[in-house]
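Just below is one structure, and these are the notes that go with it.
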Amino acid sequence: QVQLVESGGGLVQAGGSLTLSCAASGRTFGPYFMDWFRQTPGKEREFVATIGWSGGSTYYADSVKGRFTISRDNAKNTVVLQMSSLKPEDTAVYYCKTRVGNTDYWGQGTQVTVSS
């Protein structure tokens, strides 16, 4: 069993910055990818970013490229999403996710609200 807990969400003005963290427990990170997703009511859950075990392999959705940065600290079992130049369209509940074998593990989500 893996538990993922997001933190760092809140209210920020457009153009501002916010950093989200995801803490994993129940097991240490293995050679797995970690992902960030986000979801707004009425829309499907949207992929945001992913990072490989080494931290060297990253991929971002086009909508956040150049503004968001994903990183990880395996010793601390944490994954971080640094967000800058935030837009009202970034408003969503943000979730972290990992896959172990064929099982997906999700955090409870953290709300990010960007005001205009």
Side-chain angles (χ1 to χ4, degrees):
Q1 180 68 29
V2 175
Q3 294 86 44
L4 303 175
V5 180
E6 302 94 336
S7 62
L11 176 64
V12 64
Q13 192 174 26
S17 300
L18 203 61
T19 298
L20 306 182
S21 296
C22 174
S25 63
R27 58 172 287 273
T28 58
F29 287 164
Y32 307 116
F33 288 83
M34 296 290 293
D35 305 328
W36 283 97
F37 284 75
R38 65 187 183 186
Q39 187 168 26
T40 300
K43 297 183 179 180
E44 69 176 13
R45 192 164 293 186
E46 174 190 18
F47 168 79
V48 176
T50 190
I51 186 168
W53 178 84
S54 70
S57 299
T58 59
Y59 185 79
Y60 299 90
D62 288 342
S63 59
V64 306
K65 283 182 180 177
R67 301 189 298 118
F68 290 11
T69 300
I70 187 171
S71 61
R72 69 190 298 165
D73 185 338
N74 290 347
K76 297 181 178 180
N77 288 333
T78 59
V79 180
V80 172
L81 185 68
Q82 296 173 294
M83 307 183 295
S84 62
S85 301
L86 284 163
K87 307 174 181 179
E89 301 85 80
D90 295 318
T91 295
V93 177
Y94 284 71
Y95 300 88
C96 62
K97 180 189 77 70
T98 192
R99 171 166 285 191
V100 181
N102 291 325
T103 302
D104 289 341
Y105 295 91
W106 294 85
Q108 84 291 341
T110 186
Q111 176 72 49
V112 173
T113 302
V114 184
S115 63
S116 60

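All residue numbers in this chain count up from 1 along the given sequence.
- Under the rule for a side chain to side chain donor-acceptor pair (under 3.5 Å), the partners of Gln39 that lie at least two apart in sequence or sit in another chain are Arg45.
- Side chains of Val79 and Ile70 form a contact here, defined as non-hydrogen atoms less than 4.5 Å apart.
- Between atom CE of residue Met34 and atom OG of residue Ser71 there is a gap of 11.5 Å, rounded to the nearest 0.5 Å.
- Taking both residues in full, the closest heavy atoms of Arg72 and Gly52 are given as NH1-O, 2.9 Å, listed atom of the first, atom of the second, then distance.
- Across Gly107 and Glu6, no two heavy atoms sit closer than the pair CA-OE2, 3.2 Å.
- Two residues are said to be in side-chain contact when any heavy atoms from C-beta on lie closer than 4.5 Å; Ser63 and Arg38 meet this criterion.
- Residue Gln13 holds its CD atom at 8.5 Å from OG of Ser116, rounded to the nearest 0.5 Å.
- Using a 4.5 Å cut-off on side-chain heavy atoms (C-beta onward), Thr19 and Val80 make contact.
- The two residues Thr78 and Ala23 come nearest to each other via the heavy atoms CG2-CA, 4.4 Å.
- Transitive grouping of hydrophobic side chains (ILVMFWY, heavy atoms separated by less than 4.5 Å) keeps Tyr59 and Leu20 in distinct clusters.
- Between Ala49 and Leu81, the closest heavy-atom pair is CB-CD1, 4.4 Å.
- Criterion: ILVMFWY side-chain heavy atoms under 4.5 Å apart, direct or through other members. Under it, Val112 and Tyr60 are part of a common hydrophobic cluster.
- Val12 and Phe68 fall within a single hydrophobic cluster, where Ile, Leu, Val, Met, Phe, Trp and Tyr are joined by side-chain heavy atoms under 4.5 Å apart, directly or via other members.
- For Asp35, the salt bridge (Lys or Arg N to Asp or Glu O under 4.0 Å) partners at least two apart in sequence or on another chain are Lys97.
- Surrounding NZ of Lys43 are at most 12 heavy atoms belonging to other residues, nucleotides or ligands under 6.0 Å away.
- Judged purely by atom type and a 3.5 angstrom limit, Ser85 has no side-chain atom pairing as donor or acceptor with the backbone of Gly15.
- With respect to Thr113, the side chain to side chain contact (heavy atoms under 4.5 Å, CB included) criterion is satisfied by exactly one of Leu18, Leu11, Asp90: Leu11.
- The shortest non-hydrogen separation linking Ala24 to Leu4 is CB-CD2, 3.6 Å.
- If you chain together hydrophobic residues whose side chains sit under 4.5 Å apart, Val93 and Leu86 never meet in one group.
- The line from SG of Cys96 to CD of Gln108 is 7.5 Å long, rounded to the nearest 0.5 Å.
- Nearest heavy-atom pair across Cys22 and Trp36 is CB-CZ2, 3.8 Å.
- Note on residues 70-116: pairs passing ring pair (Phe, Tyr, Trp, His ring centres under 6.0 Å), not counting sequence neighbours, are Phe37-Trp106.
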